[in-house]
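Structure first, then comments.
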Protein chains: 2
Amino acid sequence: MAGTTAEKRRRGASVASEAMKQAILDAATDVFAESGYRAGSVRTIAEKVGITDAGVLHHFGSKNALLAAVLEWRDERVAPLLPDPRTSGVETFVGLLRVAEYIPTEPGIARLHCTLLAESTDPTHPAHEFFVKRYDRTRGELVDAFRNAATQRRLKPGIDPELAASATLAVMDGLQLQWLLRPDAVDIRKALVAHFSALVELPEE
Amino acid sequence: MAGTTAEKRRRGASVASEAMKQAILDAATDVFAESGYRAGSVRTIAEKVGITDAGVLHHFGSKNALLAAVLEWRDERVAPLLPDPRTSGVETFVGLLRVAEYIPTEPGIARLHCTLLAESTDPTHPAHEFFVKRYDRTRGELVDAFRNAATQRRLKPGIDPELAASATLAVMDGLQLQWLLRPDAVDIRKALVAHFSALVELPEE
DNA sequence: GTCTATACATCGATAGAC
DNA sequence: GTCTATCGATGTATAGAC
């Protein structure tokens, strides 16, 4: 018989603990999204969950470790939406259009991204390295996508893959910022379709 | 004879006061650019100027008023670089290329812009209204510029002025973010030229 | 016009009771 | 596993000496 009383108790506690950690992650996402990392407080996060700041720190050790967990968890949520890096070419851009549709359904995720991105611009910020690496990788994947579009004969003439990659990354971030600032001022998906249409031949919908 | 001793003294004090206010504005620009408004402290600003926090607050009344002064002063510095809103059309885009050249020479200005823009996405942020109005106006000017480019027969076929305006604004912000994150990863001016070239016929250089 | 002193809030983090 | 209690640092802002 597997499962002594002690084990059950441990397992039950572990399940509850995981649920609590998840609740803390949700709350931390909200707070860091709204106030950033530096100005967001552990106490505010704790209040959202209904415990004290000491309780939060018990689960994650430090505020910094909590930030790392939030970034990691955010990536896990967004990853399935992103185009598979191996299916490069125009499929990548179609995938990014799916991301654009997802953004308005989860404003907290977009807000978290923009807030921490701008904040982490400071080299002393705890998430600085994270974002530098992330952007290097993403830009590289986009360059590949535009190069593959060229071999697919779908890249419009005169378009430089490197510059198009930087511009595409920039458009996605900039549109999110405009949308967060004033949600009805810009249709992210439509603007993105127009952007891509000037660079490549998108497949028919 | 204008200028009694009392008046001279007052005037001298006023000149010194203006110089001090200017020094505080410079320091506040640095601090807000690096840490944002909420996480940046009056004390840090004061230390940069060589006075105490009480001294800083004497000149501007409150941290919030200091932020307003920083935003206003930043606009005064950047305004002469921007294209005259009346000379619309492709001249506008040439003007934006000048801005792109200016950015790397004044990283603090770019950093201030990006940091406060993202932070002010929160509706409760003291600069929220400022940025909402600013972006509405700038986007409107860009729409006009693309429409004028159309009447100049320089707009490429199939380009929507509204969407092109949003995308252009987005590209400028996004490229600045990428450049701040990793200055040698992107050439803002080259990427911007490529972006415009896909939308309009730029004049020969 | 700038200082010291102070008030008062909030921060992250730790120690130990329960 | 969460609490209370507490530490030391830091935050904005005000009052009053100089």
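Throughout, protein chains are lettered first and strands after them, A, B, ... in sequence-line order, and every chain is numbered starting at 1. Quantities reported herein were computed from a predicted structural model and do not represent experimental measurements.
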Requested in this report: Considering only NZ, NE, NH1 and NH2 on the basic side and carboxylate oxygens on the acidic side, decide whether Asp84(A) and Arg86(A) come within less than 4.0 Å.
Outcome: yes
Atom pairs, N/O to N/O, protein against nucleotides 15-18 of chain C, distance under 3.5 Å?
none

Name each donor-acceptor pair under 3.5 Å that joins a side chain in residues 141-152 of chain A to protein atoms two or more places apart or in another chain, with its distance.
| residue | atom | partner | partner atom | Å |
| --- | --- | --- | --- | --- |
| Arg147(A) | NH2 | Glu162(A) | OE2 | 3.3 |
| Thr151(A) | OG1 | Asn148(A) | O | 2.8 |
| Gln152(A) | OE1 | Val90(A) | N | 3.3 |

Query raised in the report: Who pairs with Thr52(A) by side chain to side chain contact (heavy atoms under 4.5 Å, CB included), at least two apart in sequence or on another chain?
Result: Ala54(A)
Query - Whole-Å gap separating C1' (dA9(C)) and CG (Asp53(A)) - result: 14 Å
**Report entry** Residue Lys190(A) excluded, over 12 heavy atoms near NZ under 6.0 Å
**Finding:** no
Requested in this report: State which residues pass salt bridge (Lys or Arg N to Asp or Glu O under 4.0 Å) with Glu72(A); sequence neighbours excluded, sorted by chain then number.
Outcome: none
Query raised in the report: Which residues pass the salt bridge (Lys or Arg N to Asp or Glu O under 4.0 Å) test with Arg98(B), sequence neighbours left out?
Result: none
Query raised in the report: Which residue pairs pass the salt bridge (Lys or Arg N to Asp or Glu O under 4.0 Å) test with at least one member in residues 107-133 of chain A, sequence neighbours excluded?
Result: Arg38(A)-Asp122(A)
Query raised in the report: Roughly how far, to the nearest 0.5 Å, is the CZ atom of Arg154(B) from the CD1 atom of Ile159(B)?
Result: 15.5 Å
Report summary line: In numerical order, the residues of residues 40-51 of chain B whose heavy atoms come under 4.0 Å of DNA chain C are Gly50(B), Ile51(B)
Requested in this report: Kindly give the heavy-atom pair with the smallest separation between Asp53(A) and Ala46(A), and that separation in Å.
Outcome: N-CB, 3.5 Å
Query raised in the report: Listed in order of residue number, which residues of residues 29-39 of chain B have a non-hydrogen atom at under 4.0 Å from DNA chain D?
Result: none
Requested in this report: Output every pair passing ring-ring contact (aromatic ring centres under 6.0 Å, His included) with a member in residues 159-199 of chain B, not counting sequence neighbours, ordered by first then second residue.
Outcome: Phe93(B)-Phe196(B)
Query - Contact list for DNA chain D against residues 55-67 of chain B - heavy-atom distance below 4.0 Å - result: Leu57(B), Ser62(B), Lys63(B)
Requested in this report: Using a cut-off of strictly less than 4.0 Å, decide whether Thr52(A) has a side-chain nitrogen or oxygen near OP1 or OP2 of dC3(D).
Outcome: yes
Requested in this report: Name all pairs fulfilling the ring-ring contact (aromatic ring centres under 6.0 Å, His included) condition that reach into residues 15-70 of chain A, sequence neighbours left out, sorted by first residue then second.
Outcome: Phe32(A)-Tyr37(A), Tyr37(A)-His125(A)
Query raised in the report: With a 4.5 Å limit on heavy-atom distance, are the side chains of Leu112(B) and Leu116(B) in contact?
Result: yes
Below 3.5 Å, can you tabulate the donor-acceptor pairs from side chains in residues 74-83 of chain A to any protein atom, sequence neighbours excluded?
| residue | atom | partner | partner atom | Å |
| --- | --- | --- | --- | --- |
| Asp75(A) | OD1 | Arg134(A) | NH2 | 2.5 |
| Asp75(A) | OD2 | Arg134(A) | NH2 | 3.4 |
| Arg77(A) | NH2 | Glu106(A) | OE2 | 2.8 |

